[in-house]
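Quick note: numbers below take in every heavy atom, side chains included, and nothing from hydrogens, waters or symmetry partners.
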Amino acid sequence: MRIQGCLRSVLVALAVASTALVSPACSKSPQITAESIEDNWALTEQHEPGSVVMTVAQDGQVTVLVKDRDGKPIEDGVSGNVKVKVPGKEGAPVTAELVPEPKSGGVLLAKIPPLEDDLTEVNYEFNVKGAPFKGVLHVPRGGTRELQEKAKENDAHKLDGMKGPNGGVLQPVGDDIVEIVADKDSGDVRVYVLDLNLKPAPIGDREIKLAIQTASGPDVIVLAPGPDRLYFTGKLNVKVNPTKITVVVKEGGHTDVVLYGYRPGSVIVVGPSAPVIGILVATAWAVKVNVKPTVVVHDDDDDDGRVIIVHKHKHKHKHKGKHKGHWH
């Protein structure tokens with residue numbers, strides 16, 4: 001019995017010693033590493049000196065990885081912060097400093113307030129061995145994960161390069177297709193909701209806003225219903241084509257948020273070399289539309305061969321159900 005008691009004491013002592021040798025601080029592994037960050041709903045923005053891989057989670061957790069021009073993670077010499085304006089609260093924006101994550105291969109962490117609005121502007125400013133990286137993300141409540149998931153849903157829609165009936169750009173948003181167009185002289189913006197034949201339909205009880213990014217900075221435009229609720233209207237602060245557009249569509253208590261033209265895993269080019277989105281066109285918006293159960297085709301007389309097709313139904317249309325595979 002005494003021998004068994006001694007053996008039991010030795011085993012307990014060995015177990016305690018083993019636990020002490022492998023402490024939580026030493027054994028903890030980073031949740032996201034340089035190798036795994038892009039598989040964790042990250043967006044990648046390409047700057048002149050390199051790229052920023054970034055995730056923003058619903059709980060406010062931000063992860064960042066900076067890469068050089070060759071795509072190699074930069075593990076040392078990166079500092080900076082992310083900054084957000086908390087919706088509905090006065091005062092200065094909330095700033096969160098980046099903190100290196102040990103053993104992650106260069107990942108940095110920051111914590112901002114949880115995402116509670118349908119769109120939150122997250123500004124970032126990093127210093128990488130003397131080179132500045134500045135940018136802004138507009139993220140929904142679900143963060144970058146939601147933007148990625150919406151992009152996957154829209155990946156089958158073949159609208160790249162297509163123009164809308166008013167000369168604007170097209171973007172699937174939830175069960176809708178929207179056309180975004182602006183007058184190049186006045187900066188007036190219109191957003192149309194299109195049916196499956198890419199013709200304007202009444203906007204119903206939808207609400208839409210746009211987060212616009214230009215070389216002058218970000219701007220959020222809350223659109224108002226136009227006459228007879230046939231389109232939405234707003235105005236650009238700067239009359240230039242944007243480099244990024246984030247679209248928010250709310251209807252019946254449901255909200256869809258998409259980043260224009262984004263494909264899962266693609267790189268978003270920012271800065272001076274960023275391509276622009278051609279929403280500015282020569283418009284002919286003086287046309288009066290009578291709402292009757294018919295379709296009017298109007299030549300805008302600017303010799304560009306474009307016609308404006310206006311769907312003239314006063315009753316509300318609901319475009320529910322999945323439309324994948326119908327837009328080609």
Side-chain angles (χ1 to χ4, degrees), residues 41 43 55-60 84-88 112-122 137-159 164 168-181 189-213 218-226 228-234 244-264 311 313-327:
W41 316 104
L43 296 180
T55 72
V56 182
Q58 189 171 19
D59 64 359
V84 297
K85 175 68 175 177
V86 180
I112 60 175
L115 305 176
E116 297 179 349
D117 199 23
D118 53 28
L119 202 66
T120 298
E121 184 175 297
V122 180
L137 300 179
H138 288 94
V139 293
R141 283 187 180 87
T144 54
R145 175 171 184 163
E146 184 175 336
L147 292 176
Q148 289 276 16
E149 290 176 337
K150 294 298 181 182
K152 288 183 179 180
E153 291 177 11
N154 293 331
D155 201 29
H157 304 153
K158 307 301 181 183
L159 296 175
V169 298
L170 302 178
Q171 174 62 45
V173 187
D175 293 333
D176 295 320
I177 308 173
V178 298
E179 178 189 15
I180 306 169
V181 62
V189 179
R190 287 189 183 184
V191 174
Y192 293 84
V193 177
L194 307 183
D195 62 20
L196 294 180
N197 296 313
L198 300 185
K199 296 181 180 179
I203 63 176
D205 61 355
R206 295 172 181 83
E207 299 174 29
I208 294 183
K209 61 182 173 183
L210 306 175
I212 301 286
Q213 176 74 16
D219 184 27
V220 176
I221 305 172
V222 179
L223 301 170
D228 295 316
R229 302 188 71 86
L230 292 174
Y231 52 83
F232 290 93
T233 183
K244 286 199 298 185
I245 304 176
T246 307
V247 188
V248 181
V249 178
K250 300 176 68 173
E251 183 184 18
H254 180 74
T255 303
D256 285 292
V257 183
V258 300
L259 180 59
Y260 171 80
Y262 181 69
R263 292 289 181 265
H311 221 277
H313 290 286
K314 191 154 188 174
H315 62 276
K316 295 180 179 179
H317 285 292
K318 296 290 185 181
H319 302 294
K320 294 298 181 184
K322 297 298 182 182
H323 298 326
K324 290 185 178 181
H326 291 278
W327 305 323

Is it true that a side-chain atom of Glu179 and a backbone atom of Gly168 form a donor plus acceptor pair closer than 3.5 Å?
yes
Please report the closest heavy-atom contact between Glu146 and Gly142, naming both atoms and the distance.
OE1-N, 2.9 Å
Are any of the side-chain nitrogens in Lys250 or Asp256 under 4.0 Å away from the carboxylate oxygens of its partner?
no
Donor-acceptor pair, Asp195 side chain versus Leu198 backbone, under 3.5 Å?
yes
Is there a donor-acceptor pair closer than 3.5 Å between any side-chain N or O of Thr55 and the backbone N or O of Trp41?
no
Working to the nearest 0.5 angstrom, can you tell me the gap between Leu147 CG and Leu137 CG?
8.5 Å
Nearest 0.5 Å please: distance from the CG atom of Asp219 over to the CD atom of Gln213.
10.0 Å
Can you give me the closest heavy-atom contact between Pro202 and Leu230, atom names plus distance?
CG-CD2, 4.3 Å
Within the 4.5 Å heavy-atom criterion, are Val84 and Pro113 side-chain neighbours or not?
yes
Could you tell me if the side chain of Lys152 sits less than 4.5 Å from the side chain of Pro264, heavy atoms only?
yes
For Tyr231, the ring-ring contact (aromatic ring centres under 6.0 Å, His included) test, sequence neighbours excluded, returns Tyr192
Checking Gln171 now: which residues fulfil side-chain hydrogen bond (donor to acceptor under 3.5 Å, both in side chains) with it, not counting sequence neighbours?
none
Nearest heavy-atom approach of Val257 to Lys150 is O-CG, 3.4 Å
Would you say Lys209 and Ile221 make side-chain contact, with heavy atoms under 4.5 Å?
no
Step by step, would you call Val249 with Asp176 a side-chain contact (heavy atoms from CB on, under 4.5 Å)?
CA-CA 9 Å; Val249 178; Asp176 295 320; 4.1 Å; yes
Sub-3.5 Å donor-acceptor pair from the side chain of Arg229 to the main-chain atoms of Gly204, do we have one?
yes
Could you check whether any side-chain heavy atom of Ile212 comes within less than 4.5 Å of a side-chain heavy atom of Val220, counting everything from C-beta outward?
no
Taking the side chain as every heavy atom from C-beta outward, state whether Thr246 and Leu210 have any atom pair closer than 4.5 Å.
no
What is the distance from atom CZ of Arg263 to atom CG of Leu259, rounded to the nearest 0.5 Å?
11.0 Å
Go through the structure and list residues passing side-chain hydrogen bond (donor to acceptor under 3.5 Å, both in side chains) with Tyr262, not counting sequence neighbours.
Gln148
Under a 4.5 Å cut-off applied to non-hydrogen side-chain atoms, are Pro225 and Ile203 in contact?
yes
Step by step, would you call Ile112 with Val122 a side-chain contact (heavy atoms from CB on, under 4.5 Å)?
CA-CA 9 Å; Ile112 60 175; Val122 180; 4.3 Å; yes
Check His138 against Glu121 and note the closest heavy-atom contact, atom names and distance.
NE2-OE1, 3.1 Å
Given 3.5 Å as the limit, does a donor-acceptor pair link the side chain of Thr144 with the main chain of Val56, or not?
yes
With a 4.5 Å limit on heavy-atom distance, are the side chains of Asp175 and Glu251 in contact?
no
Would you name the heavy atoms of Phe232 and Leu223 that are closest together and state the gap between them?
CB-CB, 3.7 Å
Exercise: identify the closest heavy-atom pair between Leu115 and Pro140:
CD1-O, 3.3 Å
To the nearest 0.5 Å, what is the distance between CD on Glu116 and CD on Gln58?
9.5 Å
Any side-chain heavy atom of Val247 within less than 4.5 Å of one from Ile180?
yes
